[in-house]
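Counting begins at 1 with the first residue of the sequence.
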Amino acid sequence: MIDVLIAGAGPNGLMLACELALAGVHPVVLERHPAPVGEPRANGLVGQVVRLLDRRGLYSRLSGENTPPVPQPAFTFGAFPLDLTMLAENPHYVLGVPQAQLEAALAARAAELGVDVRRGHEVVDLRQRPDAVEVRLADGTHLTSRFLVGADGGRSIVRRLAGIDFPGVTNDRSVSRTATVTVPASSIDPDTGGLRVPGYGVVPPFQHTRTEQGLIAWAPFPGRPAILSTTEWPDTATSDETPMDLAELRASVSRVLGVDIPLGAPDGPALLRRLTGRNTRIAAHYRAGRVLLVGDAAHVHPAIGGPGLNLGLQDAVNLGWKLAATVSGWAPPGLLDTYETERRPAAERVVMSTQAQSALIAPGDEVTGLRELFAELLAKPEVTGHVAELMSGADISYPADPADPLAGRCAPDVVVHGDNGPTRLAELTRAARPLLLDSTGTYAAAAAPWRDRVDVVTGRLEGTPATALLVRPDCFVAWSAGDADTLRASLTHHFGLPR
């Protein structure tokens, strides 16, 4: 019997497969497409997920750098520029890699870990038993697995077959158009890289610019074609049946800015995409028996601010260790159910953020007045800091002991000074195992009964006020220094009874 079947070889499915393989579980990934889809999708990673990838050794593969990630000095919220340099602690990270590159890196990592990825295999039916899930594929093949995870996107067949509702709102008022383009060299502002538009001014790069007629965004990515996008709120519905062309985008730009911009197509494959309306939905349940959902299969929302991969990949890492513990037999009662209780609030925060931003970019005098007030608020560091934590996911706190100030929060970037010199937490968490960091040398005995599943590292801790930390495989703090009894209680609560 297969340990875990994962439907979908996108970033979330591949990340989950890697997490399970690191934990000694053998997943099989089923992907309906016979080869990786080359269509441009997400243009980068935004938020705490960048630190997470660093803690799995993937950041350097994607960035080409051997240094840790650093926070981004600026970003955008609802077409407002965010000056993050005013913050004492900036939680916002950005890694500008296209989704295809991310998928290739995760596929390579999955292959290194021995993950079985089967492309051209489509799930068409499932039946749950008390001890397993039976899956039928489009070619008539039947597979049996202890668990099935739907990582197959917003139109998830797994979610539908499992009978999980997908309540929410579909708003068809907006039309977004996006394309890879070329523009004359004279149209590039040499100081900012922005798009210089005679009769309008400069459209700044990597920001949303709102006018009373709509929204425009200019993204001149280094080493690859620039992306230009618009959003409008037309009076009549637009059909997606007719393919978009550059002339349609150029006409949209002219309406949004009031002036025309000459646009050309890049050499090679080009992106031409029109999206009508927005979906905002969260699955009624993330789990039905032995079927679970991650990523877009569990939640969809507007793409503004780029939170999708930040949310989905952290779903996968949260689920990975809990599902592995359940398959391996050491999970404490109810551990797998905490996947939903911890990750649903994170999805609800993203939905709130993207809906708020969608309201702020809409046309109308009332919205303009609201934006004037927001501009005043965002001049205050405490407001910008709050928004930055919201957008990056740094404000997520899982249920934990209220007397423990660090428990339930993402672990800080601790450096352990041991016998072999300083070691970053990101270097200690690549095996995705529970980790006890101890600067006192007194907690190892209490953790010894869990040595088969918890690693202990001793040394002076830099970057945290705690003298000891128990870190979950998803890099959230389970416990920070108390006495040996509270440590044993936390070990049992999170990682089950010792063998």
* **Those residues that, when tested against E65, pass salt bridge (charged side-chain N to carboxylate O under 4.0 Å, His left out) (two or more places apart)** => none
* Please check if the side chain of N90 supplies one atom and the backbone of Q72 the other of a donor-acceptor pair under 3.5 Å. => yes
* Asked: Are any side-chain N or O atoms of Q128 and backbone N or O atoms of A288, one a donor and one an acceptor, separated by less than 3.5 Å?
  -> yes
Apply ring pair (Phe, Tyr, Trp, His ring centres under 6.0 Å) to [X] and list each qualifying residue two or more places apart in sequence or on a separate chain.
X    : answer
H494 : none
F476 : Y398
F80  : none
Y93  : none

* Structure fact -> ring-ring contact (aromatic ring centres under 6.0 Å, His included) pairs touching residues 260-292, sequence neighbours excluded, are Y286-Y339
* What pairs meet the ring-ring contact (aromatic ring centres under 6.0 Å, His included) rule with one or both residues in residues 294-338, with sequence neighbours excluded? -> W321-F495
* **Qualifying side-chain hydrogen bond (donor to acceptor under 3.5 Å, both in side chains) pairs with a residue from residues 97-107, counting only residues at least two apart or across chains** => Q99-E103
* To do: Return each pair, listed once, that meets side-chain hydrogen bond (donor to acceptor under 3.5 Å, both in side chains) where at least one residue sits in residues 3-21; pairs must be two or more places apart or across chains.
  => E19-R56
Could you list the residues that satisfy side chain to side chain donor-acceptor pair (under 3.5 Å) with [X], not counting sequence neighbours?
X    : result
R155 : none
D139 : T141
S252 : T230, E232

* Structure fact -> Tightest non-hydrogen contact, residues A426 and D54, listed as CB-OD2, 3.4 Å
